[in-house]
Amino acid sequence: MKSMRLQSCMLAMAMLVAASPGWAQQMSVSPVPAATSASAKTFSQQDLDQILAPIALYPDALLAQIFMASTYPLEIVEAARWVKANPNVKDKALEDAMQKQTWDPSVKSLTTVPQVLGQMNDKLDWTQKLGDAFLAQQKEVMSTVQSLRDKAKAAGNLESTGEQVVKSEEEGGETIYTIESPESEVIYVPTYNPYVVYGVWWYPYPPYYLYPPHYVYPPHVAFAAGVIVGAAIWGHCNWHGGNVNVHVEHYNSFNRTHINNPDWNHNVDHRKGVPYKDQKVAQQYNRGANDQAAKSREDFRGRADAGRAELQDMDRSELQNRAAQADRSQVQDRAQQADRDRASQRAPTAYDRGGGSDRASSGGFSGADSGASARAASARGSASRGGGGMSRGGGGGRGGGGRR
């Protein structure tokens, strides 16, 4: 008996699920505990390693500049196009030209290193991920760079050369590596294979590459010719604080300003509507509502697609029945509207005919005025008829004159 009841309950549940697919879908998705969703990070450590591997061995100043500029991906595209269209504008002329542009200063600075700007433009998906990771998990980004440098050092691929000065210091049981240019106004961009320069890659998926497919990497780290940047590269990596800041003197010199605050802050206006991947960052810069609106649009598209699929599955008779129902509904709506219109245009009431407040304002002279108007109209009609007779009489005179 119990087994029969259990089977009946299971059958009823199955029928309910079949009749309500939306309800079934809600039941099939297990809610994520609040604590888990709150503590979840947008970028995992594997993500950070893959994103940062191509640039972790760049000089500190250039690296900081890349971090800041990557938060403005659309302006990166605009600046790269400008550089491509103006390849011969350099040095002082380039500095003058940048004063006329509206991009963020961090983006303007990279026009002095066209190789890097071009790579960021070509790998725009990587650029946006880098910027999102930097805004959401800045300390972890900085820590990941140090971890990658440590692996490169262990693999024998991080040493001082004529193009870079590598230093290290111990802090809290960890080694902090700094990479600087031997000449403050010259940048040497390193070239290396991020898949092998850190030793055997420790994830099943390879890191990002900045160079074109089938590019032949050098066996170790190599350097392109030095680029004279002057004071354009004004970024600074604060490894102890886990963030980046501004070399005020260089910043003021290249941008012709007079700031005195070394702290770097993201400027949401230069983001130009590009959504933030991390929800906390979106809320911080008042873009959470935009992201919610985007989600609502996606939900609407999903419902619209489901509606179109439902229409495709209907046979002709069912479509005709639904169309007929819609026609009847429209007819009823129009009839009700017509009734309402007729009611609003009802015949004048006794109050209206008796002269409401507007008529009362004219007193008893209202009717007299109407009578006078009627008599005046009658007099005008008589005069018109008399004039017509005179006209005819005059015509007769003309006719008589003709007879003579």
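No experiment lies behind these values; they were computed from the predicted model shown.
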If you count the non-hydrogen atoms of other residues, nucleotides and ligands that lie under 6.0 Å from CD1 in I228, is the total more than 12? no

Taking [Y]'s backbone N and O only, do any of them form a donor-acceptor pair with [X]'s side chain (distance below 3.5 Å, no angle check)?
X: N86; Y: V89; value: no
X: Q164; Y: E159; value: yes
X: S44; Y: D47; value: yes
X: Q50; Y: P206; value: yes
X: N252; Y: I259; value: yes

What pair of heavy atoms forms the shortest contact from [X] to [Y], and how long is it?
X: A225; Y: Y188; value: C-CD2, 4.3 Å
X: P73; Y: L124; value: O-CD1, 3.8 Å
X: D278; Y: T42; value: OD1-OG1, 2.5 Å
X: L210; Y: Y58; value: CD1-OH, 3.9 Å
X: A53; Y: P207; value: CB-CB, 3.6 Å
X: Y72; Y: S106; value: CE1-OG, 3.6 Å

Tell me every residue that passes side chain to side chain contact (heavy atoms under 4.5 Å, CB included) with [X], counting only those two or more places apart in sequence or in another chain.
X: D150; result: Y177
X: R256; result: K92, E95, D96, Q99
X: H236; result: N245
X: K139; result: none

Rounded to the nearest 0.5 Å, what's the gap from [atom1] on [X] to [atom2] on [Y]? Could you check?
X: D104; Y: N267; atom1: CG; atom2: CG; result: 6.0 Å
X: L110; Y: I233; atom1: CG; atom2: CD1; result: 5.5 Å
X: T178; Y: L63; atom1: OG1; atom2: CG; result: 12.0 Å
X: S70; Y: I55; atom1: OG; atom2: CD1; result: 7.5 Å
X: T191; Y: L57; atom1: OG1; atom2: CG; result: 11.0 Å
X: T127; Y: N121; atom1: OG1; atom2: CG; result: 8.0 Å

Walk me through whether V197 and H220 qualify under side-chain contact (heavy atoms from CB on, under 4.5 Å). CA-CA 7 Å; V197 76; H220 300 288; over 6 Å; no

Consider only side-chain N and O atoms of [X] and [Y], and report whether a donor and an acceptor are under 3.5 Å apart.
X: T144; Y: Q45; answer: yes
X: E183; Y: S181; answer: no
X: W202; Y: D49; answer: yes

If the condition is ring pair (Phe, Tyr, Trp, His ring centres under 6.0 Å), which residues does [X] pass it with, not counting sequence neighbours?
X: W239; answer: none
X: Y215; answer: Y211, Y217
X: F134; answer: F67, W264
X: F223; answer: none

Are the aromatic ring centres of Y285 and H266 under 6.0 angstrom apart? yes

Between H247 and F254 (judged by ring centroids, cut-off 6.0 Å), do the two rings come close enough to count as a pair? no

Would you mind reporting whether [Y] and [X] have side-chain heavy atoms less than 4.5 Å apart?
X: Y195; Y: Y209; answer: yes
X: Q119; Y: W126; answer: no
X: P218; Y: Y192; answer: no
X: N157; Y: Y198; answer: no
X: V186; Y: V227; answer: no
X: Q128; Y: V274; answer: yes
X: Q146; Y: L148; answer: no
X: V244; Y: M142; answer: yes

Taking salt bridge (Lys or Arg N to Asp or Glu O under 4.0 Å) as the cut-off, I'd like each qualifying pair that reaches into [range], sequence neighbours left out, listed once.
range: residues 116-133; result: D132-R271
range: residues 109-121; result: none
range: residues 50-76; result: D60-R149, E75-K272

Residues Q65, S109; criterion side chain to side chain donor-acceptor pair (under 3.5 Å); working and verdict: CA-CA 8 Å; Q65 213 76 52; S109 70; 3.0 Å; yes

When T112, I76, I66, V77 are each screened for side chain to side chain contact (heavy atoms under 4.5 Å, CB included) with L117, the one that passes is I76

Show the numbers, then the answer: is there a side-chain contact (heavy atoms from CB on, under 4.5 Å) between Q46 and Y205? CA-CA 9 Å; Q46 177 175 339; Y205 297 101; 3.8 Å; yes

Aromatic W82 / basic K108 pairing, under 6.0 angstrom, 45° off normal: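 No, K108 and W82 do not form such a contact.
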
Among residues at least two apart in sequence or on other chains, which ones pass side-chain hydrogen bond (donor to acceptor under 3.5 Å, both in side chains) with Q137?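 Counting only residues at least two positions away or on another chain, Q137 forms a side-chain hydrogen bond (donor to acceptor under 3.5 Å, both in side chains) with E140.
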
Would V141 and F43 count as a side-chain contact (heavy atoms from CB on, under 4.5 Å) if you check the C-alpha gap in whole Å, the side-chain angles of each, and the deciding distance to 0.1 Å? CA-CA 10 Å; V141 166; F43 295 91; over 6 Å; no

